[in-house]
A.B. asks: 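One structure follows; several queries about it will come next.
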Amino acid sequence: MKTGAAKQATRYTLVIVAIAAITAVDFRLHLNHTTVALMFLLAVLLASAYWGLRYAVVMAFVATAAFNFFFLPPVGTFTIADPQNWVALFAFLVSALVASNLAERARREAERAKSRRRDVERLYGLSQRLLASENVLELLSALPHYVQETFGADSVAVMAADHPTVHRSSLDAPFEESVLRSTLLRGEPITQAGVSYVPLRLGMRTVGALAVTGYELSRETLDALGSLAGLAIERARALEALSKNRAEQEHERLRSALLDSVTHEFRTPLTSIKASVTTLLSGSNLDDQGRRELLTVIDEETDRLNRLVGEASEMAQLDAGMFKLDLQAHAIEDALEPALQDAKSSLDNHPVEVIVAPHLPKARMDVQRIREVMMHLLENAGKYSGPGVPIKVTAESKGDQLVVSVADRGPGIDSFEQSLIFEKFYRGRNQRYSAPGTGMGLAIAKVIVEAHGGTIGVVSQSGSGSVFSFTLPVDKKS
């Protein structure tokens, strides 16, 4: 308050000083009355344009008095001898007042335009921040802070129609929750006790209410703010519904894929077991060799069923994050050699070439999990490669990563399918019925490798085979 009063006093003083300076210059130079009047009028216009009407009015009356005293005969008195000078003096005063009023109006319009431009810029900046939120509760929690920071308000509160909780920028915000609810229900703006309450609209529908204090916003800006916030809330709600719908569709797709895969994979061994058991129970005259063969079939298919159930259970645990890694420094051979034994049945008809770079550093790994990854890759290579086709396994170091690759000469994978084969239950269009499998092996491998901080991928071309590679971080202490 003291600063404002001091500023006003200074300006009034400058008004008097300006009139005195113009009077002194004009009096010394003996300028004609018209020039003097124009100089006074110019000073009045400048005061009105930059400081406001009050200073211009004071300057107009002081200038009129100075013009009368120093320039209209008889000079040195406030008496006017010639009636024409009365007309001139009155015309000067009226011109100064009218001109100053017009200048003040132009100044106010310019300030109003600047204020509106600033409000538009602030609304645009606010819209950019609001569009970054895709969750309704997160948006409602952040909205008061966004508005407060954007417009410099003292405090802000917001309430959504379907979320009755009032979200505030500060706990001591002076808002009446009843008025906020009334604004929400009536859909009309309210100003009460220095607080502006505005409905958040989406067309004709009210989706919430906003309260702002400490910053005087125009009615147009408040309406725009309400529409913008309402649109942001509805957008976040629509994105949530879309995400939920997509998740349900994905869940349904996975469930269908699971049922299709499980049905196909379980039917084959069950059919073999059923046929073998039926033959054994029929009392057919089987020799020991025939009976042994049927029992071997039952044993192998039972193992196959057990593995299918195990893979499904493991995939569920990996998806839920219900596993821990026993990370230790191991040579890659610690996992590779047991994996070759695990995949022996799939590799029987294939020569396997293993190339491990000399002096290869150890990697931080859960050796049993990485053994499982390599077993899946080796089984796939043997399963989808023709009899007698060689399979090549390489291990090398690249920077701080250990890179392991399994290359086959199978039918290859189409480019559009290469990003899908690591999804659960997905199997290539040309391989899903030509070889047994559930489509879970590569998905399991991907989760395990990424849990180690590595990556897994494939390079393939139809008809030319595939190279599956994964990386593991090198143990820096080895």
A.B. asks: Would you check if Val403 and Phe470 make a side-chain contact, meaning some heavy-atom pair closer than 4.5 Å?
C.D. replies: no
A.B. asks: Once you round to the nearest 0.5 Å, how far does CG of Leu225 lie from OG1 of Thr150?
C.D. replies: 9.0 Å
A.B. asks: Roughly how far, to the nearest 0.5 Å, is the CD atom of Gln341 from the CG atom of Leu347?
C.D. replies: 10.0 Å
A.B. asks: Is Val212 close to Val195 at the side-chain level, that is, under 4.5 Å between some pair of heavy atoms?
C.D. replies: no
A.B. asks: So, the side chain of Thr471 versus the backbone of Gly454: is there a donor-acceptor pair under 3.5 Å, distance only?
C.D. replies: no
A.B. asks: Considering non-hydrogen atoms only, spot the tightest contact between Met375 and Ala339 and give its length.
C.D. replies: N-CB, 3.8 Å
A.B. asks: Taking the side chain as everything from C-beta on, heavy atoms only, tell me whether Ile332 gets closer than 4.5 Å to Met365.
C.D. replies: yes
A.B. asks: Checking side-chain contact (heavy atoms from CB on, under 4.5 Å) for the pair Leu200/Val158: CA distance, chi angles, key distance, verdict?
C.D. replies: CA-CA 9 Å; Leu200 308 184; Val158 66; 3.8 Å; yes
A.B. asks: Does a side-chain heavy-atom distance below 4.5 Å link Val156 with Leu210?
C.D. replies: yes
A.B. asks: Determine whether Gln289 and Glu293 make a side-chain contact, defined as any pair of heavy atoms from C-beta on separated by less than 4.5 Å.
C.D. replies: yes
A.B. asks: Apply side-chain contact (heavy atoms from CB on, under 4.5 Å) to residues Val404 and Thr394 and explain how you reach the verdict.
C.D. replies: CA-CA 6 Å; Val404 182; Thr394 60; over 6 Å; no
A.B. asks: If you look at every heavy atom in Leu139 and Ala236, which pair is closest and at what distance?
C.D. replies: CD2-CB, 4.1 Å
A.B. asks: Do the side chain of Asp408 and the main chain of Ala381 share a donor and acceptor less than 3.5 angstrom apart?
C.D. replies: no
A.B. asks: Could you tell me whether the side chain of His452 and the main chain of Pro473 form a donor-acceptor pair under 3.5 Å?
C.D. replies: no
A.B. asks: If I compare all heavy atoms of Gly226 with all of Val198, which pair ends up nearest, and what's the gap?
C.D. replies: CA-CG2, 4.5 Å
A.B. asks: Any side-chain to backbone donor/acceptor pair from Ser182 onto Ser178? Under 3.5 Å, distance only.
C.D. replies: no
A.B. asks: So how far is it from Leu143 CG to Arg129 CZ, rounded to the nearest 0.5 Å?
C.D. replies: 10.5 Å
A.B. asks: Calculate, to the nearest 0.5 Å, the distance between atoms NE2 and CZ belonging to His145 and Arg168 respectively.
C.D. replies: 12.0 Å
A.B. asks: Can you give me the closest heavy-atom contact between Ser460 and Ser466, atom names plus distance?
C.D. replies: OG-OG, 2.8 Å
A.B. asks: Please assess Leu378 against Asp342 for the test side-chain contact (heavy atoms from CB on, under 4.5 Å), listing each intermediate value before the final yes or no.
C.D. replies: CA-CA 9 Å; Leu378 290 169; Asp342 294 339; over 6 Å; no
A.B. asks: Is there side-chain contact between Glu372 and Ile448, with at least one heavy-atom pair below 4.5 Å?
C.D. replies: yes
A.B. asks: Please examine the side chains of Val467 and Val406, heavy atoms only from C-beta on, and report whether any two atoms are closer than 4.5 Å.
C.D. replies: no
A.B. asks: Ignoring hydrogens, what is the shortest heavy-atom contact between Leu377 and Leu442? Give both atom names and the distance.
C.D. replies: CD2-CD2, 3.7 Å
A.B. asks: How many angstroms lie between NZ in Lys324 and CZ in Arg369, if you round to the nearest 0.5 Å?
C.D. replies: 12.5 Å
A.B. asks: So, do Ser196 and Pro189 sit near enough that their side-chain heavy atoms are less than 4.5 Å apart?
C.D. replies: no
A.B. asks: Answer yes or no: is there a donor N or O on one side and an acceptor on the other, between the side chain of Gln148 and the main chain of Asp154, under 3.5 Å?
C.D. replies: yes
A.B. asks: Below 4.0 angstrom, N of the basic side chain to O of the carboxylate: do Arg237 and Glu234 qualify?
C.D. replies: yes
A.B. asks: Under the 3.5 angstrom rule, does the side chain of His376 hit a backbone N or O of Ala445 as a donor-acceptor pair?
C.D. replies: no
A.B. asks: Is there a side-chain contact (heavy atoms from CB on, under 4.5 Å) between Ile355 and Val393? Walk through the geometry before answering.
C.D. replies: CA-CA 6 Å; Ile355 302 176; Val393 182; over 6 Å; no
A.B. asks: Ignoring hydrogens, what is the shortest heavy-atom contact between Ser169 and Ser155? Give both atom names and the distance.
C.D. replies: OG-CA, 3.4 Å
A.B. asks: Using 0.5 Å steps for rounding, measure from the NZ atom of Lys392 to the CZ atom of Arg409.
C.D. replies: 9.0 Å
A.B. asks: Does any N or O in the side chain of Ser141 come within less than 3.5 Å of the main-chain N or O of Leu137, such that one atom is a donor and the other an acceptor?
C.D. replies: no
A.B. asks: For the pair Glu240 (side chain) and Val136 (backbone), establish whether a donor and an acceptor sit closer than 3.5 Å, ignoring hydrogens and angles.
C.D. replies: yes
A.B. asks: Is a side-chain N or O of Ser397 found less than 3.5 angstrom from the main chain of Leu360, in a donor-acceptor match?
C.D. replies: no
